[in-house]
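First comes the structure, then the notes that go with it.
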Amino acid sequence: MFASNHEGVAVIQKEAVEAAREMGGLHRELNAMWMDVYSNDPQISTKGVYDRAVALAVEAIQVAAMARKFERSQRRNWPGAKEPHYDEEEK
């Protein structure tokens, strides 16, 4: 579980940035594919598009997994979750 809200959000954001990077790669592969179509290339490969789409899916799943982990980190009585009133002095 995440030690703090800051850590949780930072990890989710990092995964989202990685997903965006993969989306950029997918766009580049699609543009290259389009250029092959435009130039009437008889051998158009979809391997680059396929590989980038799979990598994007992997990153998107990681974003979802970290979002779920963050949500579970917020629950009370969940193993590893924050304890209510942790670090507060008893009255």
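Since the structure is predicted, the reported quantities are computational estimates derived from the model, not experimental observations.
The nearest pair of heavy atoms linking L26 to A53 is CD1-N, 4.1 Å. In terms of heavy atoms, G48 sits closest to E29 at CA-OE1, 3.4 Å. Considering all non-hydrogen atoms of both residues, A19 and A60 come closest at CB-N, 4.4 Å.
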In sequence, state the C-alpha distance, the side-chain angles, and the governing distance for R52 and R28, and then conclude on side chain to side chain contact (heavy atoms under 4.5 Å, CB included).
CA-CA 10 Å; R52 288 296 189 156; R28 286 189 295 280; 4.3 Å; yes

Please test F2 against V9 for side chain to side chain contact (heavy atoms under 4.5 Å, CB included), starting from the C-alpha separation and ending with a verdict.
CA-CA 9 Å; F2 295 115; V9 171; over 6 Å; no

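The CD1 atom of I12 sits 10.5 Å away from atom CD of E7, with the distance rounded to the nearest 0.5 Å. Remark: E18 CD to E59 CD distance equals 4.5 Å, nearest 0.5 Å. The distance from atom CZ of F70 to atom OG of S4, rounded to the nearest 0.5 Å, is 8.5 Å. The distance from atom CE of M33 to atom CG of D41, rounded to the nearest 0.5 Å, is 11.0 Å. Separation of atoms CG (L56) and CZ (R21) is listed at 12.5 Å; rounding is to 0.5 Å.
Salt bridge present: E71 and R68 bring a charged side-chain N and a carboxylate O closer than 4.0 Å.
Counted by atom type alone, N5 and Q74 present one or more donor-acceptor pairs between their side chains at under 3.5 Å.
With sequence neighbours excluded, the residues that form a side chain to side chain donor-acceptor pair (under 3.5 Å) with D51 are K47.
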